[in-house]
Enquirer: 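Here's a structure for you.
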Amino acid sequence: MSELGPLSSRDLIIQATYLLASIFFILGLRSLTRPTQARLGMQQAAMGMLFAVIGTLLNAHIVTYQWIIIGLAVGAIIGYPMAMKVPMTAMPQFIAFSHAFGAIAATLVGVVEYRHAFTIDMSGTMTGMSSGIAAAVGFEVLFGALTVTGSFMAFGKLQELIRGQPITFPGQNAFNITLIAVAFLSLGVLIYDPGATWAFYTVLALGFFLGISMVLPIGGGDMPVVISLLNSYAGLAASATGFAIGNNVLIIAGALEGAGGFILSLIMSKAMNRSFANIVFGAFGSAPAASTKEGGPVKEPKTITAEDAATQLAYAGSVVIIPGYGMAVAQAQHTCRELHELIEKKGGKVSYAIHPVAGRMPGHLNVILSEAGIDYGALLTDVDDANRVLLTADVVVIVGANDIVNPDAEDDKSSPLYGMPIFRPWTAKVSFVIKRGKGTGFSGVENPLFTKDNTLMIYGDGKSVIGNLVKEIKALDEGH
Amino acid sequence: MSELGPLSSRDLIIQATYLLASIFFILGLRSLTRPTQARLGMQQAAMGMLFAVIGTLLNAHIVTYQWIIIGLAVGAIIGYPMAMKVPMTAMPQFIAFSHAFGAIAATLVGVVEYRHAFTIDMSGTMTGMSSGIAAAVGFEVLFGALTVTGSFMAFGKLQELIRGQPITFPGQNAFNITLIAVAFLSLGVLIYDPGATWAFYTVLALGFFLGISMVLPIGGGDMPVVISLLNSYAGLAASATGFAIGNNVLIIAGALEGAGGFILSLIMSKAMNRSFANIVFGAFGSAPAASTKEGGPVKEPKTITAEDAATQLAYAGSVVIIPGYGMAVAQAQHTCRELHELIEKKGGKVSYAIHPVAGRMPGHLNVILSEAGIDYGALLTDVDDANRVLLTADVVVIVGANDIVNPDAEDDKSSPLYGMPIFRPWTAKVSFVIKRGKGTGFSGVENPLFTKDNTLMIYGDGKSVIGNLVKEIKALDEGH
Amino acid sequence: MLQIFQLYVFILAGFVGFVVIQRVPPLLHTPLMSATNAISGISLVGAIVAAGGQYGQVSTILGFIAVVCAATNVVAGFLITDRMLAMFKPQKAANAKEHAEMKGAAK
Amino acid sequence: MLQIFQLYVFILAGFVGFVVIQRVPPLLHTPLMSATNAISGISLVGAIVAAGGQYGQVSTILGFIAVVCAATNVVAGFLITDRMLAMFKPQKAANAKEHAEMKGAAK
Ligand SMILES: NC(=O)c1ccc[n+]([C@@H]2O[C@H](COP(=O)([O-])OP(=O)(O)OC[C@H]3O[C@@H](n4cnc5c(N)ncnc54)[C@H](OP(=O)(O)O)[C@@H]3O)[C@@H](O)[C@H]2O)c1
Ligand SMILES: NC(=O)c1ccc[n+]([C@@H]2O[C@H](COP(=O)([O-])OP(=O)(O)OC[C@H]3O[C@@H](n4cnc5c(N)ncnc54)[C@H](OP(=O)(O)O)[C@@H]3O)[C@@H](O)[C@H]2O)c1
């Protein structure tokens, strides 16, 4: 909370530490964009955090370190097992949860700031607050509070503590817009008269409320976009804190995060073919409704036994595996790797086509497969590249994927998926689809791929079906 | 020259204008990285400049606009014809020249600042200067002055007003290092005691002197690297001005320019296979000396007549043209385009392989060819791509290029070119080399390409030889 | 005036974030999301000042809670990101690239 | 304090320049060099203050010369860049890209 004026040498050290922290954050983010340097980047960002904390601990306003040290220790004790235990499939809800914690901190800091400025201190005076600072603190608690409840809601939906379906009531959008308007009005009052305590607490309360009412109507599957957007909001809250207490590290880290979260939600929205506005306005609205296409008589999908499928896989020259959300649900990645290695031992080439929005967060399947030790050289993460490889593939194995291989995205203008870039497994010789039953994907629409002539279904849980395939291929060998 | 304190509404407008200017500069630079948006980017940068000027004109310190307006008008009158008349081949020296002008301005501003602070004003007092400001002003005049004389030297060498060869004397490096040391010592004194007028003028004088003594020993061909580096220095001077007068636009524009110039010199040094240190320390040292390889009996290059060459070109399916510095010297680009169109009319495919350091500044030949109206879709600017195309080319026409097609860069560890990525015309069916005589290229080394079995020379000036080829191809048609 | 500088810092940093993150390959989207989540624990800086400052008992308690929450976010966020990135195996990828380059370099 | 903020602005802007310019394709190296040259005319801002301020006669003269020089740099730099960029013909390039995309999209 340094004010303007000549710098003491202590201030100089603090400022140098902060500058270093900022540089580490930026370098870290930059390294994070390259697969071979990503881990280094993460460490640089962590170093940035360390320096930021050190710089703050040197702050002359700090009189007692007791609670700080206990707090840090408790945080570490809570955080460590959390991070070590969580399964990779639960990544979205984990991020939402951890995120809510950071937002709580930002919000509380805002409250402390405001209270401090408008409490009569020992010397009997009240410091008060300029309009500029009031604006910053107001933004801080608004975005902070919104992120707290929003993140918890997202967590609840993903963890299925709350109903995943969109929860709506008539006039919901109008209601939310009114809430937002009132929140910004109160913020305006606060800026005009920083001493208007009621305005401050109204902003805070509405922030909490908005987080709930804006996330409730959004379907569980849309949560990753919401989380990413909340990430962006949390960044803005951090930047606002920085404006309020005059701390550049906060401003910079917050801006980086704000930009990052925003771009990730854009990327997701694009890959999911949702409109930009849909995202910017807090992913208002609900998941696309099921298409009501009425067709002729519905063809029944053809099936294939694990034994026959295994034979074809054993003699295939080129196999492409398309994993989807179901692979994560079934935790089938390790078995999948076994299959992969078996096929390669028999001389086939295996690659994975990873759709940008396969799973429930961007790049989710990359993490799941990496967890099983599959190296990322085998992953085709570009849709066009993957489609080129599919043209010459002998066998495609689709494991728990649905929307990302739905041909309606290209053919049916009325489909909610229309326009989303998809994989084209039907251009390969034959595709096996592994899923539990007739369940639809995230979008809730039927998939005409399943009734194509060269598509064969293998019903069952992803992990056990792949396990069977592995067994059958091994049996083939022994049979010889 | 705004100081800290509450802002008047005029200051607010100025600051908003400056912020806008900064944003325009950044957006402009970003657009400049994309071929389709480059022109827009340039316009954005120009808008940035306009806003920066408007913001400055609103400055409360300005009492008379007369000299400003006359100055702007005179500048425009000088600048306009300069920019409109200069031929594209003279781009490097033009940039050097124009650059010197900007540096003069930066240096003069520094002098005015310093003089103003240490002159007794009407009220009988002297404002003086803090150490921080003195440091900024000192850097400003050091880098500014160095850029002024350095740019003029570079201009002189390129325009051949000064001998292009490195001008050296024994102990030159030691001498320069001593000068630099004295300059920084004086700068130190100035920071310690801002009132030490002698220190200020010593820094200024040494800056001018260093610009000369650092560029003199560098060969004319190395000038583009020097210019780029001086660009970077000028950027630092502008940033220093920004620190001195508390103006963010100057800091930002200067930093962008500083980074840009630095990266461009890095790119050039890499493509020319010179060491990094060589560049950072002001391209100290001279152009690589000619290699003294002693071989067996020297083979004589084979030649081909324009008539025979024309016949082969007329029936070639795929032709690659490799232009070099000689193309620019001969101004052969327009004739080259005629040849290009003739071959295409006859059903052949023509592309250009443009080496990153072909010519005398990075991307030079792209500009030269664009001047002739050749669209950039036909330009292969990636060495690896071009080499792939060369593998299947029927005829390669090398026009005034030498070093960039020297196989020693790959084969001869003792060659000064060793390690530089080059084109491999000898992998094509046949190559024609158009040059005036036995002149070597910029590096001064012999080129074993010319004596390869499938390389045939056509001696003569680039423009007239290509003119002959065009004539002969047309004659072929009439002959039929 | 100070706030104008802060605005510059904010805009420039936002631009850096924008330019840099646009280039993240899809492969790294999830780790990136979790890394930015960890960075959002930067409110720890504000929390420390609140917990250690002389702002009265209520503020100290709120500050203490803030420190706990922010520290949890930071620790959990960075650890999970590290766990994730440690799983990415680049071995064959690097080989594949080398192959491609060798092919490119062949005459 | 002010100077620390300036330092942040400088470092962040330098980083932006670094990240952005690294991506410039070789095709645009010459125009880029001439555009950054034009931008270096930004010293015009300082020159204007020097020429128009009440700093005495010598300063006004020096300032005037500075304005002339900087304005020359700006005008000449931007005009030549524009002339250069106007010569770049993207027609066929765009077509070629479309072709490639069509091929990619074909089944
Ligand atoms: N990645 C992101 O960032 C993100 C974010 C938000 C939304 N989304 C959306 O999520 C969808 C992702 O597509 P997707 O193809 O990966 O998944 P999907 O379309 O949701 O399909 C998943 C399929 O897996 C099957 N399945 C579920 N559990 C299984 C198990 N244990 N074993 C085998 N199969 C199982 C389901 O069918 P059964 O029930 O019949 O088994 C279902 O058809 C897209 O619509 C995308 O827009 C993605
Ligand atoms: N682009 C850059 O940024 C940059 C900067 C600095 C240095 N360089 C250096 O410049 C060199 C560029 O290579 P380059 O292959 O383009 O050029 P080069 O190696 O300098 O060769 C130019 C050739 O053109 C011939 N020539 C000159 N005038 C001619 C005319 N009127 N008609 C026909 N031929 C003519 C010369 O031979 P004759 O005399 O026999 O005709 C000479 O061999 C590299 O060594 C590079 O490192 C480049």
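A, B, ... follow the sequence lines: proteins, then strands. Residue 1 opens every chain. Everything numeric in this text was worked out from a predicted model, so none of it was measured.
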Enquirer: Which atoms of C:Ile65 come close to chain A, meaning under 4.5 Å heavy atom to heavy atom: side chain ones, backbone ones, both, or neither?
Expert: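 Backbone plus side chain of C:Ile65, per the 4.5 Å heavy-atom cut-off to chain A.
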
Enquirer: Quick check on A:Tyr65: does its OH atom have over 12 non-hydrogen neighbours (other residues, nucleotides or ligands) under 6.0 Å away?
Expert: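 Atom OH in A:Tyr65 is packed in, count exceeds 12.
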
Enquirer: Is chain C contacted by the side chain of A:Val86, its backbone, both, or neither, given a heavy-atom distance below 4.5 Å?
Expert: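 For A:Val86, heavy atoms of backbone and side chain both lie under 4.5 Å from chain C.
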
Enquirer: What part of A:Ile26 gets within 4.5 angstrom of chain C, counting heavy atoms only: side chain, backbone, both, or neither?
Expert: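 For A:Ile26, the contact with chain C is made by the side chain alone.
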
Enquirer: Heavy-atom cut-off 4.5 Å, strictly under: side chain, backbone, both or neither for A:Ile70 against chain C?
Expert: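 A:Ile70 touches chain C through backbone and side-chain heavy atoms alike.
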
Enquirer: For the backbone of A:Ala83 and the side chain of C:Arg83, can you confirm whether one donor and one acceptor N or O come within less than 3.5 Å of each other?
Expert: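 Side chain of C:Arg83 to backbone of A:Ala83, a donor-acceptor pair under 3.5 Å: yes, one is there.
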
Enquirer: For residues A:Leu32 and C:Leu85, determine if any side-chain heavy atom of one lies less than 4.5 Å from a side-chain heavy atom of the other.
Expert: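 A side-chain contact exists here, since the closest heavy-atom pair is under 4.5 Å.
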
Enquirer: So what's closer than 4.5 Å to chain A heavy atoms on C:Ala47: side chain, backbone, both or neither?
Expert: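 Both parts, backbone and side chain.
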
Enquirer: Report which part of A:Ile95 has an atom under 4.5 Å of a heavy atom belonging to chain C: side chain, backbone, both, or neither.
Expert: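 Both parts, backbone and side chain.
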
Enquirer: Under 4.5 Å heavy-atom distance to chain C, tell me which part of A:Ile133 shows up: side chain, backbone, both or neither.
Expert: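 Both parts, backbone and side chain.
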
Enquirer: Any side-chain heavy atom of A:Leu72 within less than 4.5 Å of one from C:Leu44?
Expert: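 With C-beta onward as the side chain, the pair touches.
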
Enquirer: How far apart are the C-alpha atoms of C:Ile80 and A:Met82, what are their side-chain angles, what is the distance that settles it, and do they pass the side-chain contact (heavy atoms from CB on, under 4.5 Å) test?
Expert: CA-CA 9 Å; C:Ile80 191 86; A:Met82 235 169 98; over 6 Å; no

Enquirer: Is chain C contacted by the side chain of A:Arg115, its backbone, both, or neither, given a heavy-atom distance below 4.5 Å?
Expert: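 Just its side chain gets close to chain C.
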
Enquirer: With a 4.5 angstrom heavy-atom cut-off, could you sort out which part of A:Pro356 is near chain C: side chain, backbone, both or neither?
Expert: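 For A:Pro356, no heavy atom lies under 4.5 Å from chain C.
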
Enquirer: Heavy-atom cut-off 4.5 Å, strictly under: side chain, backbone, both or neither for A:Phe25 against chain C?
Expert: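 The side chain, not the backbone.
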
Enquirer: Check whether any side-chain heavy atom of A:Phe243 lies under 4.5 Å from a side-chain heavy atom of C:Leu7, and answer yes or no.
Expert: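 Of all side-chain heavy-atom pairs linking C:Leu7 with A:Phe243, at least one is under 4.5 Å.
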
Enquirer: Taking the side chain as every heavy atom from C-beta outward, state whether A:Ile62 and C:Ile48 have any atom pair closer than 4.5 Å.
Expert: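 SC-SC contact between A:Ile62 and C:Ile48 confirmed.
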
Enquirer: Need one label for A:Tyr18: side chain, backbone, both or neither, based on atoms under 4.5 Å from any heavy atom in chain C.
Expert: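 Side chain of A:Tyr18 only, per the 4.5 Å heavy-atom cut-off to chain C.
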
